[in-house]
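Just follow the structure's listing: the first ligand is 1, and inside any ligand the first atom is 1. Just so you know, these numbers use all the heavy atoms, side chains as well, and skip hydrogens, waters and symmetry mates.
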Amino acid sequence: MKFGGTSVADAASISRVTDIIKQYHSGGNEVAVVISAQRGVTDQLIAVATEVVDSPDSSMVGPFIGSLRVRHMKALEGSAKDYVAEVAPLIEDRLLKLENILSAVHNLRELTPRSKDYIITFGERLNSLVVSAAFRQQGIPSSVLDGCEAGILTTANHGEAMALHEGEKKIKGSIVPLLASQVPVIMGFMGCTEKGVLTTLGRSGSDYSAAIIGAGIDANEIWIWTDVDGIMTSDPRVINDARVLDSVSYLEVMELSFFGAKVMHPRSIEPAMRKDILVRVKNTFNPDHPGTCIVRNVRDDSRVVKALTYIEKVAAVNINGAQMIGRPGVAKAIFTALSDSEVNVMMISQGSSEANISLIIDEAQADAASESLAALAKQGIVREVTLDRDVCAVAVVGSGMAGAKGTGGRIFTALGRADINVRMISQGSSEVNISFVVKQEDGPRAVRVLHDEFMLSEECND
Ligand code: ADP
Ligand code: ASP
Ligand code: MG
């Protein structure tokens with residue numbers, strides 16, 4: 001069971017988590033718990049680390065450490081009063097370590113990917129102590145493990161590390177023996193390389209931690225506890241009548257999360273899918289709601305389109321040049337240049353004349369992409385590269401689209417009726433997803449139009 005930032009944000013929510021764990025644990029289930037940092041803490045850690053490296057003094061560190069102390073001590077006192085004396089010194093020790101590393105970053109004027117990874121895990125480091133103490137306060141034996149102790153072995157790419165299968169044995173060895181006698185609390189979001197160097201799994205990485213642990217211990221189910229009732233037909237912050245889906249397939253969730261649905265980390269489905277483990281998404285604040293089941297094959301509910309998502313901050317790269325016509329190797333040169341600059345390509349489309357290739361990338365990587373492609377233009381491999389930041393990508397997801405005729409027609413007719421201009425279209429061969437690009441300001445309206453077109457707010461009749 002993984003609990004996200006809102007679910008463990010303060011004493012009141014941690015007490016809810018404790019009630020949930022108590023219920024399932026005393027009901028005879030073996031449970032391992034993965035927790036996130038308290039809501040907002042990881043953002044603050046990133047902000048302070050980036051600020052302190054360049055600022056003339058490190059005066060912001062003291063007040064920041066102080067605010068973390070107040071927040072975590074309040075949560076501890078409110079959820080585990082008998083353990084304050086034992087746990088407060090451990091919190092102090094972690095705060096001191098954080099203060100020291102932030103001072104070192106300032107003194108060296110250097111924030112390496114490695115030290116950044118270490119710093120941004122402190123939200124989980126502090127919060128795990130509080131949550132585990134809260135369990136003990138309610139009579140549930142518990143101990144704390146960091147991601148490395150839990151056995152999460154990863155690649156060395158800091159900030160976006162991926163789990164290695166070789167870690168599974170270690171996970172089994174470290175977690176399974178604990179389960180009969182206690183509920184271990186594992187710090188999400190982090191792992192380590194074979195050499196023991198700490199890594200992080202990308203933002204929202206605790207979902208991924210939970211899936212890696214679940215697969216490692218061959219769990220019966222992996223539960224993601226969050227602040228909404230389950231996976232919905234669209235982001236409830238964009239579509240106010242979005243509906244909770246009873247069940248979705250692994251592939252559908254992968255497409256949704258890849259295309260920005262914040263509800264789950266994009267890589268968190270892979271470990272579960274590999275082991276065919278059912279994933280359930282549930283609401284910590286409404287635990288009686290059944291939530292959403294994620295499985296390999298969903299019972300056919302006759303719905304062609306199931307959910308919609310959009311990514312606001314993308315950029316379109318248009319590469320033009322008659323030189324590309326009939327010339328092998330141009331695409332290779334383009335993608336090699338982008339990959340050398342570590343630019344991740346989300347969507348690709350090429351006109352049949354071959355004179356134009358359009359790509360969609362993360363807006364944050366737009367400058368890196370345009371620099372690396374400018375070099376190709378200089379070499380005469382392409383003629384012109386233009387960048388458009390005023391776009392967003394929308395994805396229409398549903399496994400029922402595979403083989404269903406006319407879905408594309410319906411999507412683009414509805415958008416045309418709403419006077420929304422589509423700049424680029426892409427459909428994966430899995431046909432679980434049709435994605436397209438519109439002007440940034442049209443994004444939410446495009447989602448609204450299609451939510452209505454496919455009647456996603458209405459209950460399914462079968
Ligand atoms: P946690 O802290 O529990 O990991 P997140 O904030 O990362 O929670 O993810 C949950 C949020 O994801 C929800 O509050 C919701 O606003 C957002 N979200 C975006 N798309 C969807 C969707 N399709 N279904 C459910 N929630 C979504
Ligand atoms: N605390 C980390 C983040 O904010 C990981 C997570 O919450 O899943 O990204
Ligand atoms: Mg999350």
Using atom types as modelled, flag every donor-acceptor pair under 3.5 Å from a side chain in residues 271-280 to any protein atom, sequence neighbours excluded.
residue	atom	partner	partner atom	Å
Arg274	NE	Glu270	OE2	3.2
Arg274	NH1	Glu168	OE2	3.1
Arg274	NH2	Glu168	OE2	3.2
Lys275	NZ	Glu168	OE1	3.0
Lys275	NZ	Ala215	O	2.9
Lys275	NZ	Asp218	OD1	3.0
Asp276	OD1	Arg296	NE	3.3
Asp276	OD2	Arg296	NE	3.3
Arg280	NE	Glu221	OE1	3.0
Arg280	NH2	Glu221	OE1	3.2
Arg280	NH2	Glu221	OE2	3.2

Ranking Val244, Asn283, Val263, Thr284 by closest non-hydrogen atom to atom 26 (N) of ligand 1, top hit is Val263
Expected contact list for ligand 2 at under 4.0 angstrom, heavy-atom basis, is Ser36, Ala37, Thr42, Glu124, Phe189, Arg203, Ser204, Gly205, Ser206
Residue, atom and distance of the protein heavy atom nearest atom 23 (N) of ligand 1 read Met232 O, 3.1 Å
Any heavy atom of Asp235 under 4.0 Å from ligand 1? The part involved is both
- prompt: So, for Phe412 and Phe436, is the gap between ring centers shorter than 6.0 Å?
  reply: yes
Going by the 4.0 angstrom heavy-atom rule, the piece of Ala307 near ligand 1 is neither
Side chain to side chain contact (heavy atoms under 4.5 Å, CB included) filter on Asp367, not counting sequence neighbours, yields Arg389
Short version for Lys2: what comes under 4.0 Å of ligand 1, heavy atoms counted, is side chain
The closest protein heavy-atom partner of atom 25 (C) of ligand 1 is Gly230 O, 3.4 Å
Contact region, Arg237 to ligand 1, non-hydrogen atoms below 4.0 Å, reads side chain
Residue, atom and distance of the protein heavy atom nearest atom 2 (O) of ligand 1 read Gly5 N, 3.1 Å
| query | For residues Glu252 and Ser399, is any side-chain donor paired with an opposing acceptor at under 3.5 Å? | reply | yes
Residue pairs passing the salt bridge (charged side-chain N to carboxylate O under 4.0 Å, His left out) test with at least one member in residues 116-137, sequence neighbours excluded, are Glu86-Arg136
In this structure, atom 8 (O) of ligand 1 is nearest to the protein heavy atom Thr226 OG1, 3.2 Å
So for ligand 1, is Lys262 a polar contact partner (N or O within less than 3.5 Å, distance only)? yes
Closest to atom 13 (C) of ligand 1 among protein heavy atoms sits Asp227 OD1, 3.5 Å
